[in-house]
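To start, the structure itself, in structure tokens.
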Amino acid sequence: MARDPTSTPSRREHKRAPTPPPRHRRDAIDATPPPRHPQRNRNTQVKWRGKPVFIRHRTPDEIASSEAVSLDELRDPETDASRVESSEWLVVMGICTHLGCVPIANAGDYGGWFCPCHGSHYDVSGRIRKGPAPLNLEIPPYKFTGDANLLVG
Ligand code: FES
């Protein structure tokens with residue numbers, strides 16, 4: 001027997017709408033670097049919220065030299081350990097803290113980044129070492145979601 005379309009739905013028909021999939025964080029990106037054979041001293045650039053993010057897989061020498069820097073030498077004093085979740089990986093915003101240019105990787109007097117706009121030099125911890133930039137490269141929010149998986153945002 002056909003059901004009257006104007007009647008109230010039966011108990012069986014009165015189901016909730018399907019549950020929507022878990023809401024994805026629209027401002028987070030999977031920035032997972034190549035997992036199996038990560039090349040040391042390798043820079044990867046991704047975009048987060050329309051801005052560049054640099055991910056650097058640091059060598060043991062780079063880690064040691066970053067950790068050895070005295071805070072007295074730094075314009076914006078931050079220890080290397082306070083800037084990384086895992087010492088092998090440095091994750092920084094790719095925006096010069098002077099006037100916002102995008103620095104060049106593996107360049108400058110400290111082997112980190114060099115901003116060609118007005119000559120700021122950053123070390124391999126993204127800390128400002130020379131030039132007009134007042135602050136270290138900013139650290140975006142990120143977390144490791146697996147051994148080699150990185151989520152920015
Ligand atoms: Fe980088 Fe001026 S914007 S040094």
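If you're wondering where the values come from, they're calculated on a predicted model, not measured in any experiment. Whatever order the structure lists ligands and atoms in, that order sets their numbers, starting from 1.
Aromatic ring pairs are classed by plane angle as parallel below 30°, tilted from 30° to 60° and perpendicular above 60°; the pair Trp89 and His57 is parallel.
Remark: ligand 1 atoms within the under-4.0 Å shell around heavy atoms of Leu99 are 3 (S). Residue-ligand proximity, Cys101 to ligand 1, at heavy-atom distances under 4.0 Å covers atoms 3 (S).
At least one N/O/S atom of Cys96, from backbone or side chain, sits under 2.8 Å from atom 1 (Fe) of ligand 1. Residue side and main chain included, Cys115 places an N/O/S atom under 2.8 Å of atom 1 (Fe) of ligand 1.
Screening Asn43, Asp123, Ile104 for a side chain to side chain contact (heavy atoms under 4.5 Å, CB included) involving Trp113 leaves a single residue, Asn43. Checked options Arg127, Arg129, Lys130; the residue passing with Glu73 is Arg129 (criterion: salt bridge (charged side-chain N to carboxylate O under 4.0 Å, His left out)).
When atom 2 (Fe) of ligand 1 is compared with the N/O/S atoms of His118, atom ND1 turns out nearest. When you scan the N, O or S atoms of His98 for the one nearest atom 2 (Fe) of ligand 1, you land on ND1.
SG distance check for Cys117 and Cys101: under 2.5 Å.
Taking CG of Asp76 as the reference point, atom CG of Asn136 lies at 3.5 Å (rounded to 0.5 Å).
Considering only heavy atoms from C-beta on, Ser125 stays 4.5 Å or farther from Glu67 through its side chain.
Of all protein heavy atoms, the one closest to atom 4 (S) of ligand 1 is Ser120 OG, 3.3 Å.
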